[in-house]
Amino acid sequence: VSTQSTGYEVLLRKMNPTNWSCSDVSNWLEETGFSQYVSLFEEQNIDGQVLLCLSEDDLRSEPLKLSKIGDIKKIYNAIEQLKGNNRTHGGYLADVDEEFSLANKEDKKKKRRTSHSAPNSPLHSEPEGLHADSPPLPPPPYHVMPTIYRNQLKLLPLTQQLKNAAASFIYLGLSVFCTSMIMTFVHERVPDQQQFRPLPDLFLDNIKHIEWAFKFTEIIALFLLFLFSAIFLFHRYRFIMLWRCNIIMGTIFFLRCVTMVVTSLSVPGAHIKCSRSDIGINLEDKLRHAWNIASGLGMSLNGVRTCGDYMFSGHTVVVTILNFAITEYTPDHWKSLHVLSWVLNAFGMFVVLASHEHYSIDVFVAFYISHRLFLYYHSLANSNALRGVDKHRMYSFFPLFAMFEEGTEGRVPNEFEWPWKPIGTLLAQSRRSREELARQQQ
């Protein structure tokens, strides 16, 4: 690493607490007289960004749960002073950019750092790698600086993240079973294949039916699911990405229930054999058939065969959501993975059409809805919409988003850790809760 690069990174970290690591926060705690809380803050992975987002309520409640009112007030006042000294709100980029342009003038740099640093804080020390005879540092990269002051990340406690993930699974399960029930009922409404021929379709009319194509779509979906599961396993914020994908996919499947009920399209391929007598006439037969669809995840690989569920393609929804989740929750420089994911998404849509199991409009509508809903949800989440003046409107128009994203602010960074680390965090929280309960009983 060059001297310029090292000097830039060190100066940036020392000047801006939002770029502090967990060890920098530990040093700050020790130098401000709160060394007894160093291990507690390290267990919660509190870095500079999280530190500046802490409120008095955060310090009082789980998982930190400080018991001494004096320490709570002092730490909160120290955090507020840290915010003021370093001006993390508004105008920060201009100040830092000016500082870098004057980095070769040691006297001005020292004066600026002294005026903006509190005594006995890590900001007051001389950054390593910067000397009076060092060459001028380059301006900060555009793709680095905005992230530092915009992404004020705030997260729910791990236990609440687990609850949200569990609730999202229930929501997704309900949507899948509702979809299965609707697919059972619309099967009886399929137009007679002898009377109603397949509708004219520009793609289907010009592409020969490929027998193995639909099963190949499901193989692509399973491979994307494997990639998603690997990312989920090692992602530091695994439960956030999980509940977001579950909520988005569940909402789309509920919408699919509506579109299947209101319009029954004729069977798109002559190779598909549908009969209204395939299911049975009593409710028990219908429930059994719906359970077979849900437990088999609607996959022909599991022996599931359905008719009438054409508007819109559920297979396209799955591969599209998995593709967007993989690209959203992996670093930008993992370009090979992103290209592979997009290619599989596009090819999966093609083979759905080549199988003649869906009309072209089914596939295009499925991709558009999945793509738009995923982007809208994450745009709202990344823009901290729940902190704005329209907070109550968000609860009215987007209740699921407001319920699940309450307490989560800022774009989730793509960081990775060993999958067993949250277990240690939960055990530490449980141990502290028991100790606190024991002290209260005494």
Side-chain angles (χ1 to χ4, degrees), residues 12-92 95-96 113-125 147-161 237 240 384 386-389 391 405-413 425 428-433 435-437 439-440:
L12 182 61
R13 180 170 60 84
K14 293 294 183 180
M15 289 180 59
N16 183 16
T18 59
N19 206 37
W20 284 1
S21 63
C22 293
S23 60
D24 291 325
V25 174
S26 299
N27 293 336
W28 177 79
L29 285 171
E30 291 176 352
E31 295 184 16
T32 48
F34 302 106
S35 58
Q36 67 270 32
Y37 298 116
V38 167
S39 59
L40 177 60
F41 275 56
E42 288 180 346
E43 286 178 2
Q44 301 304 318
N45 296 323
I46 296 180
D47 55 13
Q49 293 179 346
V50 180
L51 179 69
L52 295 181
C53 294
L54 291 179
S55 64
E56 278 197 57
D57 290 337
D58 295 328
L59 296 173
R60 296 173 188 272
S61 58
E62 292 285 356
L64 294 176
K65 201 172 184 180
L66 305 188
S67 57
K68 297 181 179 179
I69 185 65
D71 289 351
I72 293 174
K73 293 292 185 181
K74 289 177 182 178
I75 292 177
Y76 179 71
N77 288 337
I79 294 174
E80 289 298 308
Q81 183 181 6
L82 197 60
K83 291 179 182 178
N85 287 342
N86 293 276
R87 293 175 295 171
T88 58
H89 300 289
Y92 177 75
D95 295 337
V96 175
R113 190 167 55 251
T114 302
S115 63
H116 289 285
S117 302
N120 302 324
S121 76
L123 301 175
H124 197 69
S125 59
T147 305
I148 294 170
Y149 81 101
R150 290 178 186 172
N151 186 22
Q152 301 293 333
L153 184 64
K154 182 178 179 181
L155 300 175
L156 292 170
L158 186 57
T159 51
Q160 185 60 45
Q161 292 183 31
Y237 306 104
I240 296 178
N384 298 334
L386 290 174
R387 292 194 305 177
V389 294
K391 179 176 179 179
E405 298 299 326
E406 177 72 26
T408 302
E409 298 175 0
R411 180 171 184 175
V412 174
T425 302
Q429 292 178 5
S430 176
R431 183 177 65 254
R432 285 198 306 273
S433 298
E435 292 174 354
E436 182 67 22
L437 181 61
R439 285 196 297 267
Q440 293 177 356

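No hydrogens, no waters, no symmetry mates; every other heavy atom, side chains included, goes into these values. Along the sequence shown, residues carry numbers from 1.
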Visitor: Measure the spacing between OH of Y237 and CZ of R411 and express it to the nearest 0.5 Å.
Guide: 13.0 Å

Visitor: Report yes if the side chains of L29 and Q36 come closer than 4.5 Å at any heavy-atom pair, otherwise no.
Guide: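 SC-SC contact between L29 and Q36 ruled out.
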
Visitor: How many angstroms lie between atom CZ of R431 and atom CD of E43, to the nearest 0.5 angstrom?
Guide: 6.0 Å

Visitor: What distance separates L156 CG from T408 OG1, expressed to the nearest 0.5 Å?
Guide: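 One finds 4.0 Å between CG of L156 and OG1 of T408.
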
Visitor: Where is the tightest heavy-atom contact between W28 and T32, given as atom of each residue plus distance?
Guide: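 Reported closest heavy-atom pair: O-OG1, 2.6 Å.
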
Visitor: Are Q161 and L158 side-chain neighbours, meaning at least one heavy-atom pair lies under 4.5 Å?
Guide: yes

Visitor: When rounded to the nearest 0.5 angstrom, what distance separates CD in Q44 from OG in S39?
Guide: 10.5 Å

Visitor: Should F41 and L54 count as side-chain neighbours, where that means a heavy-atom distance under 4.5 Å?
Guide: yes

Visitor: Can you tell me if N77 uses its side chain to pair, donor with acceptor, with the backbone of K74 under 3.5 Å?
Guide: no

Visitor: Any chance you could measure N45, atom CG, to C22, atom SG, to the nearest 0.5 Å?
Guide: 5.0 Å

Visitor: Is there a side-chain hydrogen bond (donor to acceptor under 3.5 Å, both in side chains) between T159 and E62? Walk through the geometry before answering.
Guide: CA-CA 9 Å; T159 51; E62 292 285 356; over 6 Å; no

Visitor: Please walk me through it: do I69 and R60 pass side-chain contact (heavy atoms from CB on, under 4.5 Å)?
Guide: CA-CA 9 Å; I69 185 65; R60 296 173 188 272; 3.3 Å; yes

Visitor: Minimum heavy-atom separation for I72 and L59, please, with both atom names.
Guide: O-CD1, 3.7 Å

Visitor: Less than 4.5 Å apart, any side-chain heavy atom of L66 and any of I75?
Guide: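 L66 reaches I75 side chain to side chain.
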
Visitor: What are the two closest non-hydrogen atoms of L40 and L64, and how far apart are they?
Guide: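 Reported closest heavy-atom pair: CD2-O, 3.5 Å.
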
Visitor: So, do S21 and D47 sit near enough that their side-chain heavy atoms are less than 4.5 Å apart?
Guide: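 No, every pair of side-chain atoms sits at 4.5 Å or beyond.
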
